[in-house]
Amino acid sequence: MFIVTNTIRVKSGHGHELEERFRNPKTVHEFPGFVRMQLLKTQDTTDHEEYVVSTTWEGKEFFEKWVESDSFKGAHAKRRESKEPSTILGNSLHTYEVVVEHLPA
Ligand code: HEM
């Protein structure tokens, strides 16, 4: 399994707006190889709010196909259309290979 996280920093007070944008899945959940997506809120930040979009895939190749797909473009189209100043301060991407996993017995 393969995990990709996108960490998004937003201006203080604007976290709920970001949460709402993620509330309903668009199309990622229908994509081949998709396992799960979670929006995690980083605890104890002070001068900004931070969220981690964590996506789990059956393998790296499935994630790479999704990034090149219309599903990815569609999920991020609003960003390009919007004329409002963005409340997003920045983002950073991290990728992980799942090496060991234990599940409840
Ligand atoms: C380039 C920087 C990026 C920014 C600022 C960003 C921000 C966002 C925002 C605000 C949304 C909500 C969509 C909406 O408002 O209509 C979204 C959707 C999403 N983003 Fe990104 N994103 C970026 C790149 C990525 C990357 C590299 C990943 C890979 C893990 C990712 C994963 C997702 C997922 C899984 C969704 C939900 C898609 C769905 O429901 O179909 N994003 N992103």
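From a predicted model like this one, the values you see are computed outputs, not experimental measurements. Order of appearance sets the numbers: ligands from 1, and atoms from 1 within every ligand.
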(message) Using a 3.5 Å cut-off on N or O atoms only, is W66 in polar contact with ligand 1?
(response) no
(message) Pairs of nitrogen or oxygen atoms closer than 3.5 Å, one from V28 and one from ligand 1: do any exist?
(response) yes
(request) Over all heavy atoms of both residues, which pair between H76 and W66 is shortest? Give the atoms and the distance, please. (result) CE1-CH2, 4.4 Å
(message) Which heavy atom of T46 sits nearest to which heavy atom of S12, and what is that distance?
(response) O-OG, 4.2 Å
(request) Quick one: sort the F63 and F2 rings into parallel, tilted or perpendicular, breaks at 30° and 60°. (result) tilted
(request) State plainly whether one hydrophobic cluster holds both W57 and V67, where clusters connect Ile, Leu, Val, Met, Phe, Trp and Tyr through side-chain heavy atoms under 4.5 angstrom apart. (result) yes
(message) Would H29 count as a polar contact of ligand 1, with the cut-off being nitrogen or oxygen pairs under 3.5 Å?
(response) no
(request) Number the atoms of ligand 1 from 1 as they appear, then name those within less than 4.0 Å of a heavy atom of P25, with their elements. (result) 40 (O)
(message) Salt bridge or not between E50 and K41? Use side-chain N to carboxylate O under 4.0 Å.
(response) no
(message) Counting only heavy atoms from other residues, nucleotides and ligands, does the tally under 6.0 Å from NZ of K60 exceed 12?
(response) no
(request) For L93, take its heavy atoms, then give the atoms of ligand 1 lying under 4.0 Å from any of them. (result) 27 (C)
(message) Quick check on contacts: which atoms of ligand 1 are under 4.0 angstrom from a heavy atom of T55?
(response) 30 (C), 35 (C)
(request) Say whether N6, considering both its backbone and side-chain N or O atoms, lies within less than 3.5 Å of an N or O atom on ligand 1. (result) yes
(message) Rounded to the nearest 0.5 Å, what separates atom CE in M1 from atom CD in E58?
(response) 8.5 Å
(message) Applying a heavy-atom cut-off of 4.0 Å, say which part of M37 lies close to ligand 1: side chain, backbone, both or neither.
(response) side chain
(request) Give a yes or no on whether I8 and V28 share a hydrophobic cluster (residues Ile, Leu, Val, Met, Phe, Trp, Tyr; joining criterion: side-chain heavy atoms under 4.5 Å apart). (result) yes
(request) Report yes if some N/O of T5 lies less than 3.5 Å from some N/O of ligand 1; otherwise report no. (result) no
(message) Taking distance alone, with N or O pairs closer than 3.5 Å, would you say H76 contacts ligand 1?
(response) yes
(request) Output the list of atoms in ligand 1 that are nearer than 4.0 Å to some heavy atom of N91, sorted by atom number. (result) 1 (C), 2 (C), 3 (C)
